[in-house]
Structure formats: C-alpha cells, structure tokens
Amino acid sequence: MTLITSNINKAIELLDNEDVVAIPTETVYGLAGNIYSDKALKKIYALKKRPSYNPLIVHIKSISDLNLVACEVPNKALKLADAFWPGPLTLILKKQPTISDIVTAGKPTVAVRIPNHPVALELLKKLDYPVAAPSANPFTSISPTTAQHVFDFFDSELKLILEGGSCSKGVESTIVGFKDDEVILYRHGSTSIEAIEKVIGKVKIFTNDDVTPDAPGMLKKHYSPKTRIIISDSIEESMKLHSSKKIGLLLFNTENVGLKVECLEILSKESNLEEAASNLYAALHRLDKCNLDLIIAEKFPNKGQGKTINDRLDRAAN
Ligand code: TXA
Ligand code: MG
C-alpha cells in the first residue's frame, strides 16, 4: 500500500529509517533518501532501475549547508546560488570526502541545489541530513509532475508519496558545472540560459553524445513516452504523411487546433513558454494513455523555456 499524504512527519519517520519516499519540488517529484545512508541510496537506484554510472542530485535546505556537501566553490557558483536558490538550478561542484560514491557515481564532483517548494523546504528543515533525489520516474521515462504520476510508476513498491500538488515549473532544474573560469551548461532546464548569463556572463553549452557523458541527463534517449513521438515544423504536412495512423497532437498554442485528431494537448493558449513548460510532462503522460500510434509534437520557438522544451522533445523522439 502506498500512502499519498501531506503529513511530513510520516515522511521523516521513513527517511530516518533509511527508507525512500517521493517528495514534491517546484520542478518534478523526486525519489528522496538520506545522503548518508547507503541502504537508502541503493534503494533509489533499484527503484528507478537507474544505471550505477548516473549520479544523484543532493537537495539542501540553505546556502550555509553547501559546505557539508561541496568544497572549493568557485565565485561564479556562489553568485549563481545567491541569484537562483532556492530554485531550479543545480550546481556541479567538487565534493566533500564525506559524500558517498553512491551519490556521485564515483565522480569527484557532486550535484546540489535548494528546491523552491514549501513542502520540500519544510521537510529539509526538519531533517538532520540533506537528501539525494533524482526524478521519481523509472530510467528514461517521463518525469512526474503530480503525486498520481509517481503512483502510476511505482505503485506499492513505494511506501509514501508526499503530496505537494502539481509542480509549478514542470521540467527539471538546469544543470551547470565549472571549468577554470568557464560555466558549462550540462542540462537545459527551468532556469533559462538567458537568466544565467545575466548573472555570470557567457555560458558554454556542453555537447557530447558519448554513452557515459559527463552529465547522463544529456543521454540521447531520455524523458520518453511509450508512444512513438516525432517533432514537426509543419503539423499539417506530418498529419498527411501519417494519415492512416491514430494520431495525438502536442501543440504550443491554438494556431493548429482546427485539425481533427484523437487526442489534442495545447501547452499554452496565450503562447507563454513558461506555461508551456509547466504543462509539458503532464500532457505527455496523458497522450501516452490515449492508445495512439503516433504523437506529433510541434517544434517550439528556440528561446527561454522553448529551448528546454525542444531539448526534452528531441530526447523523447530519439
Ligand atoms: O529538477 C531536478 O533537478 C529534479 C528534482 C527532483 O530536483 N531532479 C532530477 O534528478 O532531475 P535526476 O537524477 O533525474 O537528474 C539529475 C541529473 C542526471 O542527469 C545526472 O547525470 C546529473 O544530474 N548529475 C548528477 N550528479 C552529477 C555530477 N557529479 N556530474 C555531472 N552530472 C551529474
Ligand atoms: Mg531524471
């Protein structure tokens, strides 16, 4: 039996017992465990069926806790933490020796952020330790933005899901690392590159299609629905090409709504990219339940959250 509850003390009880619980954040729900418990950490990997080379993100409650986790923090990292925490920006920093190899997948670095969700923050403040929390989905599937999505994935394998409503941002945190004086973007996410560049200047975008890249969130196939998905510059053309199929459409706005399809998802009637990002995963989860042959997704404008949406759709389509 899985308990879906807003009772934080129940979650603490399980976490203190080295168990794993799902928690809400402003980006997506996470599968949380005590960073000092190997038992909890191993359970996170097992539940997610996550390969052991893919490290976890550590969630802390305040900037003053950063030195528990990381050392030799560059100036630009501090500037970014000041500007965006609590919030959807993850920093890759040199790890403290006390941070387990299970958290970092053996890397000398650790990923860390402060989530901006009242329930997550209250939980972190009441715990005596930070939590590691990857997105609460099986490896390569779509991240969950509601407690129900988490439940649909794990059912009774998970004892408790902490209820926190729909995630306001709806896509994962942006991940950046630091090399010499450079800031490197490892994953597009809910903090736009434009906003980051306002704080620290030019960001270099990491590109690498290796099997075990520096940031496995950059794996080519990721964030995938079960239904085949293609991305299209011209929705009408693509629909003609696949006219014999049962099609679902994933659209930015109302421009193409006249087209007749089985299932239709419009991410933002007002053409607002942030609203579209917040609705993306929930729409993909719904489309995946429509028994379609094909999802045709519109290509989004390549700016701000549009870049993150295009990145996720590209990986989902791969
Ligand atoms: O918004 C988010 O970041 C959510 C919520 C729950 O906080 N978490 C999340 O975690 O998306 P996850 O595990 O699904 O993605 C973490 C990404 C992975 O792609 C992993 O490869 C990368 O962070 N990562 C973790 N530690 C790293 C490190 N030391 N170096 C490079 N990449 C790292
Ligand atoms: Mg993930």
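Order of appearance sets the numbers: ligands from 1, and atoms from 1 within every ligand.
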If you measure from the Lys or Arg side-chain nitrogens to the Asp or Glu carboxylate oxygens, is any gap between Glu172 and Arg312 under 4.0 Å?
yes
Examine Ser135 and say whether one of its N/O/S atoms is closer to the Mg ion (ligand 2) than 2.8 Å.
yes
Considering the heavy atoms of Gly30, write down every atom of ligand 1 situated less than 4.0 Å from one of them.
6 (C)
Heavy-atom distances under 4.0 Å are what count here, so tell me which part of His59 touches ligand 1: side chain, backbone, both or neither.
side chain
Per atom 2 (C) of ligand 1, closest listed option by heavy atom (Ser173, Cys167, Gly189):
Ser173
Considering the heavy atoms of Ala133, write down every atom of ligand 1 situated less than 4.0 Å from one of them.
6 (C), 8 (N), 10 (O)
With no hydrogens and no angle check, do the side chains of Thr27 and Arg113 hold a donor and an acceptor under 3.5 Å apart?
yes
Check: of Pro24, Ala132, Pro55, Ser190, min heavy-atom distance to atom 25 (C) of ligand 1 comes from Pro55
Using a 4.0 Å cutoff against the non-hydrogen atoms of Thr109, which atoms of ligand 1 qualify?
28 (C), 29 (N), 30 (N)
Do other residues, nucleotides or ligands put more than 12 heavy atoms under 6.0 Å from Asn291 CG?
no
Thr27 neighbourhood, listing ligand 1 atoms whose heavy-atom distance to it stays under 4.0 Å
1 (O), 2 (C), 4 (C), 5 (C)
Would you call Arg228 and Asp293 a salt bridge, taking side-chain N to carboxylate O under 4.0 Å as the test?
no
SB check Asp311 Arg315 (cutoff 4.0 Å):
yes
Between ligand 1 and Thr104, is the shortest N or O to N or O distance under 3.5 Å?
no
For the residue pair Thr227 and Asp288, confirm or rule out a side-chain donor-acceptor distance under 3.5 Å.
yes
Could you list which atoms of ligand 1 come closer than 4.0 Å to a heavy atom of Ile175?
17 (C), 22 (C), 23 (O)
May I ask you to check if ligand 1 and Lys107 share an N or O to N or O distance below 3.5 Å?
no
We want to know whether Ser173 and Arg187 form a side-chain donor-acceptor pair, criterion being a heavy-atom distance below 3.5 angstrom.
yes
Side-chain H-bond candidate by donor/acceptor type, Ser224 with Thr140, under 3.5 Å:
no
Donor-acceptor pair between Asn9 and Glu13 side chains, under 3.5 angstrom:
no
Does ligand 1 have an atom that lies less than 4.0 angstrom from a heavy atom of Leu56?
yes
Among Glu26, Glu172, Arg50, the residue with a heavy atom nearest to atom 13 (O) of ligand 1 is Arg50
Looking at Ile57, which atoms of ligand 1 are within less than 4.0 Å of one of its heavy atoms?
3 (O), 8 (N), 9 (C), 10 (O), 16 (C), 23 (O)
